Amino acid sequence: MTKLKSNKSTGSNRPGPTPPRIVLSGRNAKGALRIGVIGCAGRMGQMLIRAAAANERCLVVGGVERAGASTIGRDVGALAGIEPLGVPVSEDASDLFEAADAVLEFTSPTATLHHAELAAKRRKVHVIGTTGLEQAQLTMLQRHARQTTIVLAPNMSLGVNLLLRLVTQVARSLDHDWDIEIVEMHHRAKVDAPSGTALALGKAAAEGRGVSLDRVAARGRDGMTGARRRGDIGFAVLRGGDVVGEHTVVFAADGERVEITHKATSREIFARGAIRAALWAQDKPPGFYSMADVLGLSE
Ligand code: NAD
């Protein structure tokens, strides 16, 4: 068990009751991978707690939330709608990286960058599902991955990772007479657009064509845009309701069209993927890995 330090995650030094410490759950932990979840009260965070608690090869040892969040001190299991796990939500990420073998994180880009630094210092596995990371932030993550094992995937589902491979193959087979457009839809609370998965699909298509996505991406058309540029890869974004995530890659030519679609109907698929990634990563050398590596889909 580790001693509680001031909250380095946010710099908070609030007075008031002592925040809860990261404690090991009372369950028999022999041989299990000790899992910590950052953003444990979020939509994905709760799902991750449920998935880790249900997996006999894992032990939930901690959950962290933003400093001052109303969920601090609540039991992570009860918060996730399962039996109490004897692990209170904490605001101390340093403590979590001390207690856990692998930390799962689906939060925001800024928070993720900060926590990747802690993971590198402690040499703990960091499984990152956060989307919306800018190139400079990805470069920082790659730097941290020299010291520890990072698995980063904008989409942790098996289906989408198969789709990524398929899209590269189809794009490689078809010439520039085939226009490529990517359509995605997500729930109304999603804050980044296009989705990380849509961008990954765009990158997969660009790779198949042997071009850089940055040079051909058409993101957000509005007004008098002029005719479609040959070779562009277009993105269209829909937001609404509680849609977990839907992606279609359209290959459109004169007289025919090929569409490949993936629909996620439960966040469980992402949480199961993250747990699989953590279990896979535990004996891997430091490096920057993708879900394709985890699933054995890398070339
Ligand atoms: P959410 O808003 O429901 O949850 C995010 C949680 O992170 C919140 O509880 C928030 O309080 C917490 N948080 C934010 N900053 C923090 C900090 N500094 N320290 C600790 N906790 C902090 O969002 P969500 O729907 O769960 O999605 C989270 C992220 O995961 C988004 O980027 C989303 O696009 C991504 N996502 C990825 C996948 C995937 O397979 N890779 C799947 C679904 C969602």
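Since we're looking at a predicted model, the values are computed, not measured. Every number for a ligand or one of its atoms is a count from 1 in the order of the listing.
None of Val37, Val60, Ile35 except one satisfies the side chain to side chain contact (heavy atoms under 4.5 Å, CB included) rule with Leu48; the exception is Val37.
Salt bridge Glu184/Lys190: absent, no basic N to carboxylate O contact under 4.0 Å. With respect to Arg74 and Glu65, no salt bridge is recorded, no charged nitrogen being found less than 4.0 Å from a carboxylate O.
Between Val127 and Ile275 there is no side-chain heavy-atom pair separated by less than 4.5 Å. Side-chain contact check for Arg276 versus Met156: every heavy-atom pair is 4.5 Å or farther apart. Put simply, the side chain of Ile260 reaches to within 4.5 Å of the side chain of Phe251, judged on heavy atoms.
Considering backbone and side-chain atoms alike, Ala41 places every N or O at 3.5 Å or more from each N or O of ligand 1. In terms of N/O distances under 3.5 Å, ligand 1 is approached by Gly129. Considering backbone and side-chain atoms together, His187 places no N or O closer than 3.5 Å to any N or O of ligand 1. Here's the thing with Ala111: none of its N/O atoms is less than 3.5 angstrom from an N/O atom of ligand 1. The shortest N or O to N or O distance between Thr131 and ligand 1 is under 3.5 Å. Between Pro154 and ligand 1, at least one N/O pair is under 3.5 Å apart.
When each atom of ligand 1 is checked for a heavy atom of Ile38 under 4.0 Å away, the hits are 20 (C). The atoms of ligand 1 that sit less than 4.0 Å from any heavy atom of Lys190 are 34 (O). Near Met44, the atoms of ligand 1 lying under 4.0 angstrom from a non-hydrogen atom of the residue are 26 (O), 43 (C), 44 (C). Taking a cut-off of under 4.0 Å to the non-hydrogen atoms of Ala153, the atoms of ligand 1 that pass are 41 (N). The ligand atoms of ligand 1 that sit less than 4.0 angstrom from a heavy atom of Phe270 are 40 (O), 42 (C), 43 (C). Every atom of ligand 1 is numbered from 1 in the order shown, and the set under 4.0 Å from a heavy atom of Gly39 is 6 (C), 7 (O), 12 (C), 21 (N).
Here the closest non-hydrogen pair linking Ala277 and Val151 is CB-CG1, 4.0 Å. Summarising the geometry of Arg239 relative to His187, their closest heavy-atom pair is CD-O, 3.7 Å, with the distance given to 0.1 Å. Looking at every heavy atom in both residues, Ile180 comes nearest to Ala205 through CD1-CB, 4.0 Å. Heavy atoms only, all atoms of each residue included: Arg146 and Pro286 are closest at O-CB, 3.5 Å. Across every non-hydrogen atom of Ser157 and Ile269, the tightest pair is CB-CD1, 3.5 Å.
Which of Cys40, Gly42, Pro109 comes nearest to atom 6 (C) of ligand 1 through a heavy atom is settled by distance: it is Gly42. Here atom 2 (O) of ligand 1 lies nearest to Arg43 when heavy atoms of Glu91, Glu105, Arg43 are compared. Here atom 8 (C) of ligand 1 lies nearest to Glu65 when heavy atoms of Glu65, Arg267, Gln46, His186 are compared. Checking Thr71, Asn155, Thr107, Val89 against atom 29 (C) of ligand 1, the nearest heavy atom belongs to Thr107.
By the 4.0 Å heavy-atom criterion, Met47 is excluded from the residues contacting ligand 1. For Gly132, the heavy-atom gap to ligand 1 stays at 4.0 angstrom or more. Under the 4.0 angstrom criterion for non-hydrogen atoms, His115 is in contact with ligand 1.
With sequence neighbours excluded, the residues that form a salt bridge (Lys or Arg N to Asp or Glu O under 4.0 Å) with Arg230 are Asp177.
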